[in-house]
Amino acid sequence: MSTDAHTRGGAPGDSYDPRAIQDKWQARWAELNPFAAVEDPADERPRRYALDMFPYPSGDLHMGHAEAFAIGDIVARYWFQKGYNVLHPIGWDSFGLPAENAAIKRNSHPAEWTYDNIETQAASFRRFGISFDWSRRLHTSDPEYYRWNQWIFLRLYERGLAYRKGGRVNWCPVDQTVLANEQVVAGHCERCGAQVERRVLTQWYFKITDYADRLLDDMAALDWPERVLTMQRNWIGRSEGADVQFAIEGRDEPVTVFTTRPDTLYGATFFVVAADAPLADEICADDRRAEFEAYKEQVAHESEIERLSTEREKTGVFLGVHAVNPVNGERIPVWASDYVLAEYGHGAIMAVPAHDQRDLDFALKFGLPVRVVVETGEADPAETGVATPGEGSLINSGPIDGLAKDAAIQRITEILENRGLGKATVNYRLRDWLISRQRFWGTPIPIIYCDACGEVPVPDTELPVRLPDNLRGADLAPKGISPLAAAADWVNVTCPSCGGPARRDTDTMDTFVDSSWYFMRYCSPHQEDGPFDADKVRRWMPADQYTGGVEHAILHLLYSRFITKVLYDMGMVDFTEPFRRLVNQGQVINQGAAMSKSLGNGVDLGEQIDQYGVDAVRLSMIFAGPPEDDIDWADVSPSGSVKFLARAHRLAGDVTSAPGVDFAAGDEALRKITHRTIDEATQLVESHRYNVAIARMMELTSAARKAVDTGPGPGDPAVREAVETLAIMLSLVAPYTAEEMWERLGRTASVAKAGWPVAEPALLVRESVTCVVQVAGKVRDRLDVAPDIDEGELERLALASGKVQAALEGRAVRKVIVRVPKIVNIVPA
RNA sequence: GCGGGCGUGGCGAAAUUCGGUAUACGCGGCAGACUUAGGAUCUGUUGGUGGCGACACUGUGGGGGUUCGAGUCCCCCCGCCCGCACCA
């Protein structure tokens with residue numbers, strides 16, 4: 001017999017050996033399959049859908065995955081314990097660039113790397129003890145999955161929501177593909193960090209802008225973190241205002257500008273066109289051409305960083321032409337500048353320097369006039385250099401003089417509309433979703449180009465358009481066009497419409513298309529005649545909780561909401577929002593910084609598990625703080641978690657009463673603690689304060705220990721009740737230990753389905769409570785009183801206290817506030 | 001600059017719903033028990049200052065306010081984190 005510490009203080013076999021327990025129960029769970037969702041429509045238990053953001057299969061699971069899935073698993077396991085019919089699926093977001101890069105490097109096919117990693121992660125998930133329904137596993141790179149991406153694409157195409165257009169797009173020079181606006185962060189590629197370039201290309205788009213208002217309005221009903229909702233709101237960027245037409249001298253067509261302040265139209269003293277907009281080129285006067293071209297060149301070469309700096313001085317050139325203010329006929333000079341964005345609004349603005357800081361900066365730099373048209377009571381902007389964008393009454397503005405801002409906006413808009421010179425309108429920052437990618441490892445776009453028929457959709461019956469399997473290694477190296485273009489056999493097809501020679505689209509879809517509906521596929525993952533079974537989706541969706549990282553606050557979550565609304569409009573689903581509640585877990589960091597190779601502060605999940613066991617790692621993550629807070633692994637004590645779990649485990653071995661014993665005969669003091677713990681822990685779990693719930697479990701553990709050692713003893717039924725309660729509650733975070741405890745208690749697996757305990761109200765009643773007695777707001781005494789003590793009696797007791805009298809120092813009592821039974825505050829004169 | 005969030009012991013954090021014992025629970029520290037030993041385990045203790053002590057004073061970023069009573073509500077300020085960033 002070894003002198004191993006764990007064997008002291010208990011019978012042989014009492015040692016807590018996480019690894020042995022893990023191996024044992026992993027095998028048992030594989031047989032029991034306790035977490036399969038039940039599809040039987042006759043099953044009338046409440047249904048719950050616990051959804052986790054599915055992983056990308058890059059290598060093994062890491063600490064971040066562990067935390068996210070541990071949190072999601074608490075919710076799922078709690079619902080299982082409550083007896084609900086729970087859907088808790090898992091799959092892989094398995095298309096994407098890293099697989100392609102790995103294939104190039106290893107001279108192999110992306111599928112090899114991808115599916116190897118999926119197997120690695122699947123094994124790790126099983127080891128990590130997550131309560132998945134493994135029968136629903138899906139991979140977006142399977143043809144059985146991506147054929148439905150293509151099917152959904154075609155439905156959008158039919159509805160005019162998928163369309164091709166030419167235009168300036170974001171191009172990542174490293175990944176050699178275009179990017180959606182959402183994938184450009186501060187001018188850099190969201191994935192690889194390279195500085196994004198501009199290219200003019202014809203690409204496929206999804207018309208998400210048609211849904212801008214619904215995407216905004218429907219947020220009201222979502223139980224999501226405020227910051228995510230705010231980010232989405234900002235991203236959509238709705239602003240109300242008016243389009244106003246300005247005639248340009250020498251141009252037949254007027255030019256429209258968007259403004260949120262049509263009330264300041266009389267204050268427009270110049271006009272600015274985005275330097276890189278075609279309009280600037282078109283209207284530039286001959287004698288200004290050279291100067292303009294030089295400026296355009298300069299703008300084209302400045303880096304994003306320079307461009308984005310708000311500190312930077314304004315630049316621009318006069319284009320030698322004039323615009324005419326539609327309301328007063330005034331001629332104002334037209335300038336070109338890079339502070340006006342070609343992509344937003346109409347790429348041109350009316351400049352009102354008195355009431356817009358950017359316009360004022362420009363006016364002061366180039367000596368343009370400043371005219372105040374809103375009397376705000378502030379100093380003259382031309383003098384101070386500070387624009388006055390606030391409220392006030394209109395001046396120098398003809399028919400709208402004297403009106404307040406809102407009335408003025410309304411009036412001037414009417415005038416413009418009546419004269420056909422403008423109209424009230426809404427503008428959005430949101431752009432359509434660019435989904436084409438010039439890469440291989442993704443869903444082929446199901447479109448064929450025919451010289452005779454043009455753009456022809458692949459018929460549904462010919463789906464899926466499979467990726468060719470003869471491209472590998474260097475064939476996939478980025479060339480600026482899709483590697484698929486090199487697969488001549490694949491590209492050249494006959495036109496589905498006329499039978500003539502035709503070519504496939506060689507781009508693949510953004511992988512965010514794959515992930516924008518996978519949560520519906522989980523409801524019927526093997527469906528062969530559609531993306532999902534509508535009845536089943538109606539039954540399970542929307543997801544009750546969605547757990548994952550905040551990095552998807554805009555991209556994935558916005559796209560998923562959009563696709564859901566499109567499917568709703570198609571009559572395929574009966575809900576308009578896919579995720580009721582969203583939980584963003586914090587990051588796992590180490591020593592104050594994100595884990596990174598360059599810092600050398602990485603923590604390996606597998607090593608942590610080897611050292612402390614799965615349960616201790618999970619417990620440490622959950623106990624460290626609220627789910628949304630970052631966890632600094634340097635502040636966490638997994639060995640402390642092991643200690644606690646070993647204590648709980650030992651307790652289960654100490655219980656000597658038989659399973660099924662009548663708890664009512666047990667020690668009342670311990671029973672009260674148990675039931676109070678049940679009551680509090682239940683509320684805590686439901687309000688997602690898992691760290692506090694664990695604190696309550698620790699207290700129950702200590703109470704049970706005391707009862708065994710120095711109280712009613714290990715045979716008391718109350719001890720069994722306490723330890724069984726502990727095992728069930730612990731099963732949410734430490735499933736292996738809980739299962740082993742359950743078995744040691746003589747119960748039958750699985751503890752995961754044992755049923756969440758219910759507190760008996762009679763045991764929640766307190767015999768006495770502590771009443772705090774304050775004098776002038778300071779605590780002077782504590783009294784043990786009956787919970788139902790009456791006010792007069794409590795006041796009398798409080799005043800009778802020697803400590804209170806001492807604190808009063810003979811002063812008269814002016815006032816006594818009594819809040820039975822918890823507090824008495826005595827206010828001296 | 002705009003928007004969102006936050007600030008509590010040596011550390012991670014409780015208490016914030018609905019104003020009512022600030023620091024639960026854990027880590028770390030200190031002391032003790034059991035030990036050949038302890039980096040195991042168990043027990044006790046642990047905000048600060050003063051006092052042998054019962055205790056007293058003080059304490060939730062700073063300042064002010066409301067209240068019998070404020071970590072919690074209101075106003076101002078300071079600091080930190082996140083998002084957006086010339087969006088007309």
Side-chain angles (χ1 to χ4, degrees), chain A residues 3-10 185-186 225-235 237-239 241 257-261 264 272 274 307-312 314 337-341 343-352 355-359 361-362 389 427-430 550 553-554 619-620 623-626 628-641 643-644 646-647 650 684 687 689 691-699 701-702 705 709 770-782 803 806-807 814-819 822-828:
Chain A
T3 53
D4 186 282
H6 301 304
T7 61
R8 284 195 71 250
V185 178
E226 196 51 47
R227 65 168 167 163
V228 174
L229 296 174
T230 303
M231 282 164 74
Q232 292 215 352
R233 255 179 229 118
N234 292 343
W235 185 259
R238 180 187 156 105
S239 44
V257 299
F258 174 73
T259 176
T260 53
R261 293 295 302 276
T264 63
V272 189
R307 230 189 70 75
L308 291 172
S309 167
T310 49
E311 305 293 300
R312 200 175 57 123
K314 294 278 181 285
S337 175
D338 64 351
Y339 88 90
V340 172
L341 308 176
E343 294 83 12
Y344 184 78
H346 305 281
I349 61 158
M350 65 174 205
V352 184
H355 307 296
D356 181 286
Q357 190 60 49
R358 296 154 301 182
D359 296 345
D361 293 343
F362 194 86
N427 231 293
Y428 302 91
R429 220 184 74 115
L430 183 70
V550 73
I554 294 175
L619 182 77
S620 298
F623 184 55
E628 60 278 8
D629 285 11
D630 286 352
I631 297 171
D632 192 331
W633 200 246
D635 294 333
V636 164
S637 171
S639 61
S641 299
K643 208 158 75 177
F644 165 62
R647 273 158 58 89
R650 180 154 77 92
L684 289 164
S687 52
R689 283 132 78 207
N691 55 326
V692 189
I694 289 168
R696 297 292 169 268
M697 295 180 209
M698 288 172 168
E699 288 171 306
T701 304
S702 297
R705 182 79 259 156
D709 290 346
T770 303
C771 175
V772 172
V773 185
Q774 301 177 331
V775 175
K778 283 186 183 174
V779 179
R780 295 298 176 181
D781 201 2
R782 293 179 170 85
K803 287 176 181 171
R814 182 160 67 89
K815 194 172 177 182
V816 181
I817 287 100
V818 183
R819 293 285 177 272
K822 292 192 73 178
I823 202 153
V824 176
N825 190 11
I826 295 162
V827 187

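A note on names: the letters A, B, ... follow the listed sequences, proteins ahead of strands, and every chain is numbered from 1.
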| query | Taking OP1 and OP2 of B:A13, is either one under 4.0 Å from a side-chain nitrogen or oxygen of A:Arg689? | reply | no

In whole angstroms, the gap separating P of B:G5 from CG of A:Asp629 amounts to 15 Å

Legend entry - Phosphate-side-chain proximity, A:Arg429 and B:A85, N/O vs OP1/OP2 below 4.0 Å: yes

Check: Tell me, do A:Val775 and A:Lys803 make a side-chain contact under 4.5 Å, heavy atoms counted?
Finding: no

For B:A88, does either OP1 or OP2 sit under 4.0 Å from a side-chain N or O belonging to A:Tyr339?
no

Glycosidic torsion of B:G7 (syn if within 90° of 0, anti otherwise) classifies it as anti

Distance col, row A:Leu684:CG vs A:Arg696:CZ, nearest 0.5 angstrom, shows 6.0 Å

Per atom distances to the A:Arg227 side chain, the nearest of B:G12, B:C82, B:A88 is B:C82

Worksheet item: Has A:Lys643 got a side-chain N or O lying under 4.0 Å from the OP1 or OP2 atom of B:A40?
Response: no

| message | In terms of relative ring orientation, are A:Phe362 and A:Tyr339 parallel, tilted or perpendicular, with 30° and 60° separating the classes? | response | tilted

How is A:Asp361 classified with respect to the nucleic acid when contacts are heavy atoms under 4.0 Å: base, sugar-phosphate, or nothing? nothing

When rounded to whole Å, the CD to P distance for the pair A:Glu628 and B:G4 reads 18 Å

From the candidates B:G83, B:C42, B:C86, the one with an atom nearest any side-chain atom of A:Asp338 is B:C86

Here the distance between atom P of B:A13 and atom CE of A:Met698, to the nearest Å, is 15 Å

When you compare the side chains of A:Arg647 and A:Ser702, does any donor N or O come within less than 3.5 Å of an acceptor on the partner?
yes

Self-check item: Sugar-phosphate only, base, or nothing, as touched by A:Pro626 at under 4.0 Å among non-hydrogen atoms
Solution: sugar-phosphate

OP1 or OP2 of B:A88 under 4.0 Å from side-chain N/O of A:Ser239: yes

message: Mind checking if A:Arg780 touches a base, just sugar-phosphate, or nothing, with heavy atoms under 4.0 Å?
response: sugar-phosphate

Taken in chain and number order and not counting sequence neighbours, the residues that satisfy side chain to side chain contact (heavy atoms under 4.5 Å, CB included) with A:Lys815 are A:Ile817, A:Val827

Side-chain N,O (A:Arg647) to OP1/OP2 (B:C42) below 4.0 Å: yes

When rounded to whole Å, the CG to C1' distance for the pair A:Asp635 and B:G10 reads 12 Å

Test item: A:Arg261 side-chain N/O and A:Pro389 main-chain N/O as donor-acceptor pair under 3.5 Å: yes

What protein N or O atoms touch nucleotides 20-24 of chain B N or O atoms at under 3.5 angstrom, if any, and at what distances?
residue	atom	partner	partner atom	Å
B:G20	O6	A:Arg819	NE	3.3
B:G20	N2	A:Gln774	OE1	3.4
B:U21	O2	A:Arg782	NE	2.7
B:U21	O2	A:Arg782	NH2	3.1
B:A24	O2'	A:Glu699	OE2	3.2

A:Asn825 side chain vs A:Gly777 backbone, donor-acceptor pair below 3.5 Å
yes

Taking 4.0 Å as the cut-off, does a side-chain nitrogen or oxygen of A:Lys778 come that near to OP1 or OP2 on B:U58? yes

Here the distance between atom C1' of B:A85 and atom CD of A:Glu343, to the nearest Å, is 15 Å

Whole-Å distance, A:Phe644 CZ to B:C42 P, equals 12 Å

Taken to the nearest whole Å, CD1/A:Ile631 to P/B:G12 is 13 Å

